[in-house]
Amino acid sequence: MTPPWDQPDMEGMDRALDLAALGLFTTTPNPRVGCVITREGAVVGEGWHVRAGAAHAEVHALRQAGAAARGGCAYVTLEPCSHHGRTPPCADALIAAGIRRVVVALEDPNPQVRGAGIARLRAAGVTVDVGLRAEQASQMNVGFLTRMRRQTPWVRAKVAMSLDGRTALANGASQWITGEAARADGHQLRARSCAVLTGMGTVRQDNPTLTVRAVPTSRQPIRIVLDRGLETPLDAHVLGPQAPTWLVTCNEDVQRARRYEDLGAQVLVVGCKAPGQMDLSALMRLLGQRELNEVTLEAGARLTGALLQERLLDEFVFYVAPALLGEGGAGVIAGAPLTHLTQRHGLHIQGIVALGPDWRIEARCQY
């Protein structure tokens with residue numbers, strides 16, 4: 001049964017979520033977590049997880065609270081850990097500090113935790129209530145939760161398009177369909193992602209850098225290029241030193257791979273299901289094994305369509321400009337044409353926001 005949350009509870013958890021958001025760009029592969037400690041209605045400690053290997057949110061909050069934590073209440077956006085990883089168990093730290101009550105937004109699906117932190121707290125006599133702002137905490141960590149539950153990342157396709165669904169002119173020109181505010185928002189998506197995924201066609205056509213530039217961040221996402229034959233031009237911007245680069249290929253030519261490794265790129269080999277057809281499901285499993293939580297796809301219609309067809313896309317973020325590009329322009333997805341409306345790809349609209357003259361539409365894939 002859901003506890004009867006009072007106003008201080010909601011305020012405490014809302015503040016913890018705000019703190020968790022401060023680690024939006026930096027915590028990978030760990031979750032974004034915030035913690036607030038109160039005593040007798042006053043906040044005595046706050047903290048958030050900044051990066052993997054650093055102290056967790058609960059530890060930061062307990063350090064700030066000091067002796068004032070004893071008898072207090074902790075609001076935590078994700079279940080406190082109960083195992084020794086890069087840092088000691090947070091559940092033990094809360095118990096040792098004398099916290100009397102812990103309010104948890106969301107249980108941690110990590111097999112190393114999965115209820116054990118809550119159980120340890122309760123066994124020590126700490127009152128634990130779970131579920132306050134669970135939806136907001138889930139959205140904050142959609143990639144981490146997805147990787148823990150299915151061992152693959154959350155894959156988000158970013159698409160800039162005209163109102164008639166064109167992503168480029170017939171000659172390939174696409175810069176810029178949308179305005180500055182929409183482009184800056186797209187950089188926010190890159191910044192929160194563990195990696196940006198694209199294909200060889202986009203590299204050849206647009207020669208993108210795929211780095212975060214419009215928003216401040218201390219971490220650049222990994223750039224992943226699907227290159228079946230290891231044919232990425234050696235002077236491609238995506239091979240520059242600004243961020244890590246992985247080339248994913250079906251080609252096992254060691255000498256060819258070394259050319260890219262000498263430039264600092266990693267070459268990863270996955271199987272092909274058929275000549276020229278990369279095993280995209282195997283790719284996603286590989287990315288999950290490499291602890292990628294969120295992957296933003298910035299690719300052409302063929303790769304986007306292939307991932308959608310294989311049900312490997314989770315979400316679209318459309319940036320829609322109030323303009324028409326007309327017949328002959330590139331579409332959002334490519335592939336075998338549908339023959340019946342029952343074959344259409346369903347989407348569930350999560351939100352629509354104005355960004356200057358443009359619109360951002362968030363839509364979850366329905367399979």
Side-chain angles (χ1 to χ4, degrees), residues 1-24 27 30-50 55-65 68-83 89-110 112-149 154 192 293 350-351 362 364:
M1 189 174 95
T2 301
W5 310 115
D6 58 21
Q7 190 63 28
D9 284 339
M10 291 184 283
E11 290 175 356
M13 189 59 76
D14 286 343
R15 176 57 182 163
L17 285 165
D18 288 342
L19 292 167
L22 296 176
L24 192 66
T27 62
N30 287 359
R32 298 130 181 168
V33 183
C35 177
V36 171
I37 296 174
T38 65
R39 183 178 175 184
E40 297 178 356
V43 173
V44 295
E46 294 185 339
W48 69 93
H49 184 47
V50 178
H56 288 188
E58 298 94 323
V59 173
H60 284 299
L62 288 169
R63 286 174 181 168
Q64 189 178 102
R70 185 160 299 277
C73 177
Y75 297 91
V76 191
T77 58
L78 189 69
E79 176 182 1
C81 63
S82 56
H83 66 291
C90 291
D92 290 353
L94 292 167
I95 293 166
I99 294 291
R100 66 170 177 79
R101 178 181 179 230
V102 177
V103 180
V104 177
L106 199 67
E107 290 189 18
D108 190 341
N110 184 341
Q112 293 180 296
V113 184
R114 198 175 289 170
I118 292 171
R120 185 173 297 188
L121 289 166
R122 286 174 172 161
V126 179
T127 299
V128 182
D129 295 318
V130 182
L132 177 60
R133 302 292 195 248
E135 179 60 26
Q136 292 90 328
S138 295
Q139 295 310 311
M140 179 80 66
N141 285 301
V142 64
F144 175 80
L145 299 176
T146 298
R147 180 168 66 84
M148 289 297 109
R149 290 165 178 159
W154 178 268
R192 69 173 288 165
N293 295 332
Q350 297 289 107
E362 300 175 30
R364 296 281 174 89

task = Would you mind checking if Asp9 and Arg101 are paired as a salt bridge, meaning a charged N to carboxylate O distance below 4.0 Å?
result = yes

ask   = Are side-chain heavy atoms of Thr77 and Trp48 found at a separation under 4.5 Å?
value = no

inquiry  = Go through it in stages, so that I can follow the logic: the residues are Arg114 and Asp108, the test is side chain to side chain contact (heavy atoms under 4.5 Å, CB included), and I'd like the CA-CA distance, side-chain angles, deciding distance and then a yes or no.
reply    = CA-CA 5 Å; Arg114 198 175 289 170; Asp108 190 341; over 6 Å; no

request  = Would you name the heavy atoms of Gly47 and Ala61 that are closest together and state the gap between them?
outcome  = N-CB, 3.8 Å

message = Using every non-hydrogen atom in the two residues, find where Met140 and Leu24 come nearest and quote the distance to one decimal.
response = SD-CD1, 4.3 Å

query = Going through the checks in order, is the side chain to side chain contact (heavy atoms under 4.5 Å, CB included) test met by Met10 and Gln7?
reply = CA-CA 5 Å; Met10 291 184 283; Gln7 190 63 28; 3.5 Å; yes

message = Distance check, rounded to the nearest 0.5 Å: Met13 atom CE versus Cys35 atom SG?
response = 9.0 Å

Contact check, side chains of Glu46 and His60, non-hydrogen atoms, under 4.5 Å = no

query = What are the two closest non-hydrogen atoms of Arg120 and Ala91, and how far apart are they?
reply = CD-CB, 4.2 Å

ask   = Any side-chain heavy-atom pair from Val104 and Asp129 closer than 4.5 angstrom?
value = no

ask   = Which heavy atom of Phe144 sits nearest a heavy atom of Asn30, and at what distance?
value = CD1-C, 4.3 Å

request  = List in chain and number order the residues that pass salt bridge (Lys or Arg N to Asp or Glu O under 4.0 Å) with Arg147, two or more places apart in sequence or in another chain; answer none if no residue qualifies.
outcome  = none

ask   = In Å, rounded to the nearest 0.5 Å, how long is the span from CG of Leu19 to NE2 of His49?
value = 14.0 Å

inquiry  = Minimum heavy-atom separation for Ile99 and Ala69, please, with both atom names.
reply    = CD1-O, 3.4 Å

message = side chain to side chain contact (heavy atoms under 4.5 Å, CB included), that's the test. Do Val113 and Glu107 meet it? Break it down for me.
response = CA-CA 9 Å; Val113 184; Glu107 290 189 18; over 6 Å; no

query = Taking the side chain from Arg122 and the backbone from Val128, do they hold a donor-acceptor pair closer than 3.5 Å?
reply = yes

key: Distance, nearest 0.5 Å, that separates CZ of Arg100 from CG of Leu121   = 14.0 Å

key: Side-chain heavy-atom pair Asn141, Leu106 within 4.5 angstrom cut-off   = no

task = Determine whether Val126 and Leu94 make a side-chain contact, defined as any pair of heavy atoms from C-beta on separated by less than 4.5 Å.
result = no

remark   = Value for SG (Cys90) from CG (Leu62), rounded to nearest 0.5 Å, stands at 8.5 Å

task = Taking the side chain as every heavy atom from C-beta outward, state whether Val43 and Ile37 have any pair of such atoms under 4.5 Å apart.
result = no

message = Please report the interatomic distance OH(Tyr75) to OG1(Thr38), rounded to the nearest 0.5 Å.
response = 4.5 Å

query = Which value, rounded to the nearest 0.5 Å, describes the distance between Thr27 atom OG1 and Arg32 atom CZ?
reply = 5.0 Å

query = Do Leu145 and Ser138 come within less than 4.5 Å of each other through their side chains, counting heavy atoms only?
reply = yes

request  = Would you indicate whether the side-chain heavy atoms of Val33 and His56 approach each other to under 4.5 Å?
outcome  = no

Taking every non-hydrogen atom, the tightest pair across Leu132 and Trp5 = N-CZ2, 3.4 Å

task = Mark yes or no for whether Glu79, through its side chain, and Gly115, through its backbone, hold a donor-acceptor pair below 3.5 Å.
result = yes

